[in-house]
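Structure, as structure tokens:
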Number of protein chains: 2
Amino acid sequence: MTARSTSETARDIPEATVARLPVYLRALNTLADDEIRTCSSEDLASAAGVNSAKLRKDLSYLGSYGTRGVGYDVDYLRYQIAREIGVTQDWPVVIVGIGNLGHALANYSGFRSRGFHVVALLDADERRHGEHVAGVLVRPFDDLEAIVAEQGVAIGVIATPAAAAQDVADRMVACGITSVLNFAPTVIAVPDGVDVRKVDLSIELQILAYHEQRKAQL
Amino acid sequence: MTARSTSETARDIPEATVARLPVYLRALNTLADDEIRTCSSEDLASAAGVNSAKLRKDLSYLGSYGTRGVGYDVDYLRYQIAREIGVTQDWPVVIVGIGNLGHALANYSGFRSRGFHVVALLDADERRHGEHVAGVLVRPFDDLEAIVAEQGVAIGVIATPAAAAQDVADRMVACGITSVLNFAPTVIAVPDGVDVRKVDLSIELQILAYHEQRKAQL
DNA sequence: AGGAGTTTGTGAACGTGGGAACAAACCGAG
DNA sequence: CTCGGTTTGTTCCCACGTTCACAAACTCCT
Ligand SMILES: NC(=O)c1ccc[n+]([C@@H]2O[C@H](COP(=O)([O-])OP(=O)(O)OC[C@H]3O[C@@H](n4cnc5c(N)ncnc54)[C@H](O)[C@@H]3O)[C@@H](O)[C@H]2O)c1
Ligand SMILES: NC(=O)c1ccc[n+]([C@@H]2O[C@H](COP(=O)([O-])OP(=O)(O)OC[C@H]3O[C@@H](n4cnc5c(N)ncnc54)[C@H](O)[C@@H]3O)[C@@H](O)[C@H]2O)c1
């Protein structure tokens, strides 16, 4: 968050920009599938659903990868964004809590195609052990430490009930995981240096409900 | 977005605050379960994982519901937030695309307990029709218009593949849905007056990957 | 009743993000 | 080579969001 060490090429990309880079990458992939080689900031911005000035400013944090009067080379820009995000490599991920949601996540093919692969599915309920989901074995939660150590896992996904989420997060952090994606509807506390992102269906619906109510009041 | 009509009590709550109100509500529910009657902004803020000054400012947009020197009455504040968000009433919701994710969503009990209930599950694949998920029948996508009209549905959830998402959204909007929650990894375009929120697992993971990569560079 | 202690509600300072607008840079035609 | 047309990269400014800090308001004890 603060002082950059000796500042090699270490650019500091705003958080809001980081959150949009994956959207640009996806839009570029779609363009590439349609065999489009070059695009203007206007083209890409409308494909990504943002303002073109914002798009250009976002890209300018990565470097100067466009050509004035021409636009951006789709493949080249695609690679640059992928490299900046860090998805030119493949990240191993563990999923904990293989219930309704955990099954859906394990079956999700979009994982692998976007730079991630599931190395383990863990659950505390022994009745679930031994099952295979999308070709991956469901194993005891207590195998966590061994798997993380062996496979060098840095990213963990929590899909357990809310009551278990903090305990699961603590165990993850203790064995070296430094990024957590939490689907349980609860706030989890982690030490500095660990990133947590949450996905909360109910919150999204409640935000929609708020605006819906406002619309109805007119 | 602009001029408030005649401004009765029409407060204008900042978007960032709206997004946090559901988190406060959840924290208050947890406190109420523990039979805590009163809490300070500090207590509630730490339960919600935010700064206490931010919490107080957020709550001040709703009105002045605390007592100086004392704090907030848990039940009273809970009701006020629920009313402001609009979850004192029950919102009917349709889910389109009953595959892996759609099944998980349909089975999700957190829906009903938070002010929403699933009135219909729709899928274009006729092999899925007739199945019951969590007690609700899976019906043809073409039933959308009839269901929305009959039940007065305002909120739709899209859990189809990306390729179908825009078409589904168009159909939803055409028959009167004005709030959409989109799980498909694609940008969907809607007319003014319709709200869209997206939930995108891959984007969340890519944001984590970015920060993970930065950590590794030190 | 008064004073000490507590906690809210908010004004003001600060930081981050968004968008218009434009100079700089490039292409292609003549 | 020059000129007109195009599109990027960036500057400047405004709006929004966050945090500090403190007066106002309340409770409780003496
Ligand atoms: N199903 C959905 O669509 C949905 C949507 C939004 C949020 N969520 C949230 O996601 C989480 C999972 O939802 P679900 O519907 O899959 O629930 P579920 O009950 O079907 O699955 C939870 C799984 O976690 C396992 N588990 C429990 N405690 C554990 C522990 N300490 N360690 C390891 N595993 C443990 C259980 O054995 C079970 O298999 C919940 O917090 C839920 O609120 C679910
Ligand atoms: N599974 C996950 O955990 C996960 C995670 C993140 C995002 N997603 C996204 O959510 C969406 C659904 O994922 P999934 O794994 O459930 O896929 P899925 O293929 O299992 O299910 C998709 C369902 O949508 C139906 N469908 C297709 N076209 C339709 C149309 N025009 N109208 C109505 N229904 C239609 C299909 O018949 C199928 O039942 C995808 O866009 C996926 O990228 C899934």
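All values below come from the heavy atoms of this structure, side chains included, with hydrogens, waters and symmetry mates left out. Below, chain A is the first sequence line, B the second, and so on; all start at residue 1.
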- Task: Can you check each nucleotide of nucleotides 20-30 of chain D against protein heavy atoms at under 4.0 Å and return B for base, S for sugar-phosphate only, - for none, in 5' to 3' order?
- Result: BB--BBBS---

- Tell me which residues in residues 19-50 of chain A put a heavy atom below 4.0 Å from DNA chain C, sorted by number, or none. A:R20

Rounded to whole angstrom units, what separation is found between the [atom1] atom of [X] and the [atom2] atom of [N]?
| X | N | atom1 | atom2 | answer |
| --- | --- | --- | --- | --- |
| A:E15 | D:dT18 | CD | C1' | 15 Å |
| B:K54 | C:dT10 | NZ | P | 19 Å |
| B:I13 | D:dG17 | CD1 | P | 12 Å |
| B:L62 | C:dT8 | CG | C1' | 14 Å |
| A:L55 | C:dA20 | CG | C1' | 16 Å |
| A:D73 | C:dC26 | CG | C1' | 15 Å |
| B:D58 | C:dG9 | CG | P | 12 Å |

- Side-chain (A:Q213) to main-chain (B:E84) donor-acceptor, under 3.5 angstrom: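 A pair under 3.5 Å: yes.
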
- Please name all residues satisfying side-chain hydrogen bond (donor to acceptor under 3.5 Å, both in side chains) with B:E204, sequence neighbours left out, ordered by chain then number.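 side-chain hydrogen bond (donor to acceptor under 3.5 Å, both in side chains) check on B:E204 returns A:R197.
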
- Message: According to salt bridge (Lys or Arg N to Asp or Glu O under 4.0 Å), who are the partners of A:D195, at least two apart in sequence or on a separate chain?
- Response: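 Testing A:D195 for salt bridge (Lys or Arg N to Asp or Glu O under 4.0 Å), a comparison that skips the adjacent residues, returns B:K215.
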
- Item | Point-to-point distance, once rounded to the nearest 0.5 Å, from CG of B:L21 to CD1 of B:I85 | 5.0 Å

- Query: Touch check for B:Y61, heavy atoms < 4.0 angstrom, all strands: base, sugar-phosphate only, or nothing?
  - Reply: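 Contact class for B:Y61: none.
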
- Item | Side chains of B:F141 and B:V96 in contact at under 4.5 Å (non-hydrogen atoms) | yes

- Message: Taking only side-chain N and O atoms of B:Y72, does any of them lie within less than 4.0 angstrom of OP1 or OP2 on C:dG9?
- Response: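 Yes, such a contact exists.
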
Output side-chain donor-acceptor pairs under 3.5 Å for residues 151-166 of chain B, partner residues at least two apart or in another chain, one line each.
unit_1	atom_1	unit_2	atom_2	d
B:Q166	OE1	B:A189	N	2.9
B:Q166	NE2	B:D170	OD1	2.9
B:Q166	NE2	B:A189	O	3.0

Report all side-chain donor-acceptor pairs from residues 29-38 of chain A shorter than 3.5 Å, counting only partners two or more places apart or in another chain.
unit_1	atom_1	unit_2	atom_2	d
A:N29	OD1	A:R78	NH1	2.9
A:N29	ND2	A:L25	O	3.4
A:T30	OG1	A:R26	O	3.0

- Task: Could you please spell out the steps behind the side chain to side chain contact (heavy atoms under 4.5 Å, CB included) verdict for B:I95 and B:F111?
- Result: CA-CA 12 Å; B:I95 302 178; B:F111 255 131; 4.1 Å; yes

- Message: Applying side chain to side chain contact (heavy atoms under 4.5 Å, CB included) to A:D73 and A:Y65, what does each step give before you reach the verdict?
- Response: CA-CA 8 Å; A:D73 182 281; A:Y65 296 136; over 6 Å; no

